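Predicted model, so just to flag it, every value in this text is computed and none were measured. As the structure lists them, so they are numbered: ligands from 1, and atoms in each ligand from 1.
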Amino acid sequence: MLSSERIMQRCDQLARHSELPGGLTRVFLSPENRAANELVLGWMREAGMQAKLDAIGNVAGRYEGERPGLPCLMLGSHLDTVRDAGKYDGMLGVVSAIECVDSLHSRNIRLPFALEVIGFGDEEGVRFGTTMLGSRAVAGAFDCNNLQARDPQGKTLETALREFGLDPQKIPQVKRNKGDVLAYAELHIEQGPVLEAEGLPVGVVTAINGFSRLRVTLSGMAGHAGTVPMRLRRDALAAAAECVLMVERVAARDAELVGTVGRIEASPGAINVIPGKVVFTVDVRAPRDELRHSCVSEVRREITALCQRRRILVEIENLQELGVAPCAGWLMAQMDRAVAAEGLRVRRLPSGAGHDGMALKEIADIAMLFVRCKGGVSHNPAESISAEDAEAGAKVLLRFISGFETRG
Ligand SMILES: [Zn+2]
């Protein structure tokens, strides 16, 4: 039987494997990552699965269907965290999926398809600055240039994989083919306040919003804060300040858009020097690609115009861009039915945060189920869910799995 108590306990257990004393930070290929993997491998085996670590460091478990070798319904989420993270972002999806398999196994139930549960090693991208390394490898979209990405200590991903006992040469073997994966379904905390506001424990995700990330470099002229008159200045930080407010204004124009300047560095960075150079980032997200593109173009235009007026040189680089990952209609319909069968109101909502499904959509249709989290808070030690909601989520997921029908 499903045990919400065990789900909560296992999230607590995983949270103990942290490099941050008294908090939770667990990055890809760290000793804490290894310890968490061992726990999850053990739980998978207890739940009747064959489980192993793959070449990119994902924990992968398989529960055969009515006969061995059938295509699978893939379930999963990630086991890495951001810095000073909460206990549920990622881990809840892995632990809940294992709980569902355990429930089937304990009742000797085999389905007309296999189940696979994957605990992705890297989704957040904290250590090497590149996100979704684990799911991109599974989707066959792993970029080998990423092996040369370095962590803050200067160690390459390739070296870190080898030191972890993995063989980077074998990463292409992690790729799954389209026909092997019938669908990918992920349970995840909402990371937003919508479900809480409506008094609902779960929601069915319609799409994972796309995002665009820019790096903007403004070059003005550094100078003495006491001697250069205001009208002769080319202050890069003052220009950046206008840019930050402009991004906020442009993004606020449409309720579906969000825009953020999350990082800014001014140099030389002294109290008595006019800032000569500023680098800042822009992150724009939307549930529709055209909307996001038009926002990014407007932001680019406005930055250029504003800098021209201030005689500031500007360079705008595209850092990363991912299109919207829509959840498949046929899977949403099945997830809706699972929610309704639990006596809950069906609420559909988009995901503002990125998830592994963005990578996996290349090989399979995707579905997601959100579980309410307190105050919509995530990426924060205050992240919290109730045992009742964990139970509701797991029950819906189990219904979805048990009643899963392949398309066609
Ligand atoms: Zn997550």
Side-chain angles (χ1 to χ4, degrees), residues 7 10-11 14-15 17-18 23-28 30 32-33 36-37 40 56-59 74-98 117-139 184-195 202-205 207-211 213 258 262 283 285 320 322 324-325 327 349-361 366-385 389-390 393-394 397:
I7 291 173
R10 286 180 169 179
C11 290
L14 283 169
H17 296 291
S18 165
L24 173 56
T25 299
R26 188 172 57 243
V27 302
F28 191 32
S30 60
E32 299 77 28
N33 180 193
N37 288 348
V40 174
I56 188 69
N58 298 321
V59 181
M74 188 180 276
L75 309 166
S77 197
H78 58 97
L79 293 170
D80 66 323
T81 73
V82 294
R83 295 201 179 279
D84 206 7
K87 292 188 277 195
Y88 305 101
D89 177 354
M91 284 70 79
L92 182 69
V94 179
V95 167
S96 299
I98 295 171
V117 179
I118 308 209
F120 293 105
D122 170 85
E123 190 266 353
E124 303 284 6
V126 169
R127 181 166 177 189
F128 295 98
T130 47
T131 60
M132 297 180 213
L133 291 170
S135 47
R136 279 195 274 158
V138 172
Y184 172 74
E186 175 166 351
L187 177 152
H188 200 283
I189 59 165
E190 183 197 346
Q191 302 180 271
V194 175
L195 295 173
V202 297
V204 177
V205 177
I208 306 170
N209 290 358
F211 63 81
R213 289 175 179 162
V258 286
D283 175 305
R285 306 189 193 211
Q320 205 183 2
L322 263 179
V324 171
C327 292
L349 73 171
S351 169
H355 297 288
D356 288 302
M358 297 178 111
L360 292 165
K361 75 173 198 298
I366 63 166
M368 285 193 80
L369 180 71
F370 271 168
V371 174
R372 164 171 58 190
C373 59
K374 195 167 172 227
V377 172
S378 71
H379 284 193
N380 186 310
E383 186 180 290
S384 156
I385 64 164
D389 288 358
L397 185 63

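In this model, no donor atom of one side chain and acceptor atom of the other lie less than 3.5 Å apart for Glu32 and Ser18.
At least one donor-acceptor pair under 3.5 Å links the side chain of Arg136 to the backbone N or O of Thr131. Under a 3.5 Å cut-off, the side chain of Ser77 and the backbone N or O of Glu186 do not form any donor-acceptor pair.
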Go through Asp89 and His379 one step at a time and tell me if the side chain to side chain donor-acceptor pair (under 3.5 Å) criterion holds. CA-CA 8 Å; Asp89 177 354; His379 284 193; 3.1 Å; yes
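Between Leu24 and Gly86 the shortest heavy-atom distance is CD2-O, 3.2 Å. When all heavy atoms of Leu195 and Val371 are compared, the pair lying nearest together is CD1-C, 4.1 Å.
If you count the protein N, O or S atoms nearer to the Zn ion (ligand 1) than 2.8 Å, you get 3.
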